Amino acid sequence: MVWVLSGDAPVADVNEYAVLGAMADKADPDGCGSWLSKETIAARVHVSEETVKRCWRNMRRRGLIARGDQSLVKHYRADRRPVVYDLLIPFSWFSNVDRVNAERERMGRAPLTPEDRPDLAPAPVKSERADKGKPRPKKTATQERGNSETPREEAPETPHGGTTSRPRGNYKSSTGELEDPQTSKSNQSSLSGPGSPSGDGPEADGEREAAAPEAAGADVVVDAYVTALGRPLVNGSRERLRGQAAELLAAGYSVEWLAARAAEMPAKRWRDLIQHVESQEPESVPAQRSASTTAVSRSAVEACGLCDSLGWVLDDDDDGPLVRCAHPGVTAGTGAQR
């Protein structure tokens, strides 16, 4: 190991220095009996296995190492045995060669002689670069440095919302940089004309005013159900329950009474508000919904051929949402078929 670390080993480069140092660390004092595998050496000195193999090949050719006694690894499985190498440290390098030879004799090896371990040739001289000392060629003129504007399309697409900014380039920042390319519900009134399809106007205002109390009442009913359920509704269940509440409010039921019925549904495992309301006893129905009205609704369901006994539209789509039937072929008030 000292032979390598002292710099006396004529290695060609740092890779040979690292590989030979790892081998010397596991060799005997005379340099014999090193059998580290290429995988182990590569992991220890942080080089590739191909680099280790190349270093072995070059050092064998220059006489730094040679194949040693392979019987030292006979205890390994045949397909797992590493190669045993001897580091050919020159005889003249040993300052205590008598002690080394005594150790070799104890191990059954022949003593070292100048003929067995001759001096090694110095490390090969590295070839200098052909351009060493020459001035580096000047770079050709390139495009002027700076921010260049990315070309845009001739006819940009119509923006679909969000915000837009000025064309790219170097300019001073200013307030109001972003522009809104299209109107939203909050600013349609300032940009839409009388004939625009935005839905503004006296008729639309009247429809919104008429639907507002019914929508607000439906939300109260849904909130009562959610509070009793103890968790939010998902997968469109809230909109379906809200639509049923709006339908019942339009039929004359009060918000308070429907909210109370909706709060009962989770405990009774009901999911359909209309079906739950129709199952109520006649005396529990509010005054504005008389028994005669309920009887007419029941007779209309029985006379209609487009729905089942509970008033749901019959269709072939089992996975689609349930739809309440309007009984289009039944005479209003009588339940008779038109």
Side-chain angles (χ1 to χ4, degrees), residues 185-186 199-200 203-338:
K185 294 182 180 179
S186 59
D200 293 336
E203 296 181 1
D205 292 340
E207 293 178 359
R208 284 197 292 267
E209 291 176 0
E214 189 173 300
D219 288 333
V220 172
V221 175
V222 174
D223 291 340
Y225 177 81
V226 172
T227 302
L229 184 62
R231 58 177 175 81
L233 297 176
V234 294
N235 298 332
S237 300
R238 183 181 183 88
E239 292 302 321
R240 183 172 64 87
L241 182 60
R242 190 174 184 274
Q244 293 179 354
E247 182 179 344
L248 292 172
L249 289 171
Y253 290 97
S254 65
V255 176
E256 294 77 8
W257 188 84
L258 287 178
R261 303 290 76 76
E264 299 171 353
M265 291 170 58
K268 297 181 178 181
R269 299 185 179 276
W270 283 84
R271 296 184 180 179
D272 190 288
L273 180 60
I274 295 178
Q275 189 175 358
H276 179 53
V277 168
E278 291 179 352
S279 66
Q280 298 296 308
E281 296 294 334
E283 56 270 14
S284 64
V285 179
Q288 61 266 35
R289 287 288 294 180
S290 62
S292 61
T293 305
T294 305
V296 170
S297 300
R298 178 59 60 185
S299 62
V301 170
E302 295 175 354
C304 180
L306 301 178
C307 61
D308 58 12
S309 59
L310 298 178
W312 296 107
V313 174
L314 299 173
D315 57 14
D316 296 331
D317 187 6
D318 295 334
D319 297 329
L322 298 177
V323 180
R324 298 295 299 185
C325 183
H327 317 303
V330 179
T331 305
T334 62
Q337 192 78 21
R338 292 179 183 176

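Owing to the predicted nature of the structure, the values given are computational and were not obtained by experimental measurement. All heavy atoms count here, side chains included; hydrogens, waters and symmetry mates do not.
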Could you report the tightest heavy-atom contact between [X] and [Y], atom names first, then the distance?
| X | Y | answer |
| --- | --- | --- |
| W270 | Y225 | O-OH, 3.9 Å |
| G217 | L249 | C-CD1, 3.5 Å |
| V221 | V255 | CG2-O, 4.2 Å |
| A263 | A228 | O-CB, 3.4 Å |

**Report entry** Separation between CZ of R240 and CG of L273, rounded to the nearest 0.5 Å
**Finding:** 9.5 Å
Query raised in the report: Could you give the distance from CG (D272) to CD (Q244), rounded to the nearest 0.5 Å?
Result: 4.0 Å
Query raised in the report: R238: what forms a side-chain contact (heavy atoms from CB on, under 4.5 Å) with it, not counting sequence neighbours?
Result: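 side-chain contact (heavy atoms from CB on, under 4.5 Å) list for R238, sorted by chain: V222, D223, V226, L233.
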Requested in this report: Could you tell me which residues satisfy side-chain contact (heavy atoms from CB on, under 4.5 Å) with E264, sequence neighbours excluded, listed by chain and number?
Outcome: R261, K268, H276, Q280
